[in-house]
Amino acid sequence: MRRAGRWAVLVALGLYFALPLVAMAEFSTRGTGGHRSLHAWRSIGSDPDLIRAIVASLELAGLTAVLMLVLLLPTMTWVHLRLPHLRRTIEFVCLLPLTIPAIVIVVGIAPIYAWVTYLLGDSPLTLTFVYVILVLPYAYRALDAGLTGMDLHTLSEAALSLGASWWTMIWRIVVPNVRGAILSAGLISVAMVLGEFTIASLLDFQTVQVEINLLGKRNADISIAVSLAALLFAFVLLFALALAGRRRREAVDDR
Amino acid sequence: MTDDQGVSVRLEELHRVYGPVRALDGLTLDLAPGELVALLGPSGCGKTTALRALGGLERLDSGRVLVDGADVTDTPANRRAMGMVFQAYSLFPNMTARDNVAFGLRLRHVAAGRRRSRASELLELVGLGPHAGHYPHQLSGGQQQRVAIARALAVEPRVLLLDEPLSALDAKVRAQLRDEIRRIQVEVGITTLFVTHDQEEALALADRVGVMSGGRLEQVGAPAHVYSRPATAFVADFVGITNRIAATASGGTASVLGTPVPLLDGSDDGEVTVLVRPEALEVTPDDTAEARVVAASFLGAVGRVQVRMPDENLLIAQVPSTTVADLTPGRPVRVTAHPVPALATARE
């Protein structure tokens, strides 16, 4: 009985998530005269603006994830080890972006971005700075769970007593032992950046979501095809990371 | 293993205060080259702080740490060349036993082949050669601590620091590993500071034992000396079992249960409490005596008997195991003292 109930919940949830995707696939493959056509999907590769926006978004996602990790991981390690009394303050600061609506962030940050554009040019990649702030709450949570889950104090002192420098300790001891947390934080950051629309649109940068919005106004089926492709890309990324994590665990257990 | 026979270490007037707590209150301790000194004391007495100060993991308010005559007080932990084994399991979970042992060598840019052979050599030394490819989660607690010892020794440290490395292990493994630590330390000839709250461990392992209380050393000396000639009441109480027997002292002698007992230096005169070890008491069945056996236990080579005296004082005596069977609870017994030197403190 319990087993049947579990399956019922799973099927209901599956349908809930799958139906919109199926509807998107159906809409994006509608041809003329009731036939199926892959015209919209083929058009993705032939629209230079769209390709440019996709590349920019992927670069943004990578840069944001890397910059977030470079800033956050050493800082959090330092706070865990040396300034534990500041943990609440750091957590509060990192969670702040959750409580501030994107539109408010844009209003506050627009004058700064006038200077950023003036100094660094108008590349969409400059959005990395604001996106790092945007992903902080989620990345902080993931990394904090990873750091709390290991005996950071003892391991770091063991590494130091063996002659490791601060950076060696982070690279060789902390990073490998919070690999799961780093993957989670990175994935959340990538997903957030690929889905972000408000800030990019209001600051007038062409990212994939902004481009999808523009496409939707003039060609709905291509817009839906790109949206579905972006969703599928996120799923594939998620599965790949989960698989990599599991294989690594199995490899460790086998040894 | 190493060519040198260890270096001298001097902890000089170490002070460390945490808020209202004086973790170190003028601690001074010398370690001779190749010597194993155990710091023994209750929780919070400052023994771990002293060890961490020597390892460079603890900042000092004042005082100096000298290794081989050189002042290393301000040298960071990663440049002190000291091997440390922690109370908590500290192997790097992402590395095999061999990689853990080779970690320090890798940091010193030792060639891969040499690293591997040195790690294997040390794992053999601690009896874990066949487990070189195992990850920490595949090793027992005792095995993990052995790997930690091998890892600490791999970098040929000048001093080995052992911070209660046996306290997380079960009794049998603890006894085995304790003997192994001593064997390895003697074989390697490294100066070692060992911190523990377990007196049996300290007495069994160390060349000298330092008993700490309130951030200070109460007494330092050979285990037998500290046990048989405690300098203070705290040492007598903390190290071994002590009976407190009321007596009157004068001229360096006190009459304990009818026996004149010579008193140790530092003893008080007048109305005193004499601190007597269980093995300095003798219990014999005597139907005319007023003392009564409360309990007797067989401990293998010896037995231990608790006796209620007429003044309600409860004494513990060590007796030959062959006599334990005669000392049933309620049995009238006579308790006498051997004239073994003891410490006497003024009665409060």
Side-chain angles (χ1 to χ4, degrees), chain A residues 69 73-74 77-86 142-143 145-186 241 244-255, chain B residues 48 51-52 54-59 75-110 131-138 144 147-148 150-157 159-163 168:
Chain A
L69 285 172
L73 191 60
T77 306
W78 181 261
V79 169
H80 270 254
L81 286 175
R82 302 287 162 85
L83 306 164
H85 58 281
L86 283 184
L143 293 177
L147 289 172
T148 310
M150 68 184 279
D151 188 353
L152 187 58
H153 266 275
T154 308
L155 294 184
S156 66
E157 289 187 344
L160 289 176
S161 72
L162 289 166
S165 66
W166 171 255
W167 293 109
T168 306
M169 186 269 289
I170 289 191
W171 183 244
R172 292 202 188 280
I173 307 300
V174 177
V175 168
N177 287 300
V178 295
R179 195 186 294 265
I182 289 174
L183 283 177
S184 301
L241 287 174
R246 193 189 301 165
R247 281 204 177 148
R248 187 180 152 69
R249 270 199 304 278
E250 283 169 359
V252 167
D253 288 341
D254 287 347
R255 277 183 280 190
Chain B
T48 294
L51 176 130
R52 289 170 60 82
L54 175 54
L57 297 171
E58 195 73 44
R59 190 178 58 78
T75 307
N78 58 349
R79 293 197 200 134
R80 287 203 184 186
M82 293 191 187
M84 192 156 174
V85 180
F86 297 82
Q87 180 179 358
Y89 302 137
S90 63
L91 295 188
F92 306 131
N94 55 310
M95 297 180 197
T96 61
R98 182 186 289 112
D99 290 343
N100 262 282
V101 176
F103 180 76
L105 300 174
R106 189 174 180 171
L107 296 178
R108 285 159 179 76
H109 308 293
V110 174
H131 297 79
H134 287 188
Y135 281 82
H137 74 273
Q138 296 168 318
Q144 288 194 48
V147 176
R151 182 178 68 179
L153 292 173
V155 295
E156 298 192 0
V159 182
L160 182 61
L161 307 174
L162 305 171
D163 184 8

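Scope of the values below: all heavy atoms of this structure, side chains included, with no hydrogens, waters or symmetry mates. The chains referred to below are lettered A, B, ... by the order of the sequence lines, with proteins before strands, and numbering in each begins at 1. Treat the numbers as computed from the prediction; the structure is a model and nothing was measured.
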Check: Pick from B/Met95, B/Arg106, B/Arg80: which one has the most heavy-atom pairs with chain A under 4.5 Å?
Finding: B/Arg106
Margin query: Holding to side chain to side chain donor-acceptor pair (under 3.5 Å), I want the full list of residues that pass it with B/Ser90, two or more places apart in sequence or in another chain.
Written below: B/Arg151
Margin query: Only heavy atoms, only distances under 4.5 angstrom. Which residues in residues 150-158 of chain A are near chain B?
Written below: A/Asp151, A/Thr154, A/Leu155, A/Glu157, A/Ala158
Note to self: List the residues meeting ring-ring contact (aromatic ring centres under 6.0 Å, His included) with A/His80, not counting sequence neighbours, and say none if there are none.
What the structure shows: none
Check: Quick one: does B/Val85's side chain get under 4.5 Å of B/Asp163's, heavy atoms only?
Finding: no
Note to self: Do B/Thr48 and B/Glu58 make a side-chain contact, defined as non-hydrogen atoms from C-beta onward lying under 4.5 Å apart?
What the structure shows: no
Item checked: Distance in Å, B/Met82 CE paired with B/Leu57 CG, rounded so as to fall on 0.5 Å steps -> 10.0 Å
Note to self: Can you tell me which portion of B/Leu161 sits under 4.5 Å from chain A's heavy atoms? Options are side chain, backbone, both or neither.
What the structure shows: neither
Item checked: Under 4.5 Å from any heavy atom of chain B - which part of A/Ser161 -> both
Next item on the list: Any ring-ring contact (aromatic ring centres under 6.0 Å, His included) involving residues 75-109 of chain B? Give me the pairs, sequence neighbours left out, ordered by first then second residue.
Entry: B/Phe92-B/Phe103
Notebook entry, point to check: Should the heavy atoms of other residues, nucleotides or ligands under 6.0 Å from CZ of B/Arg108 be counted, would the total exceed 12?
Noted result: yes
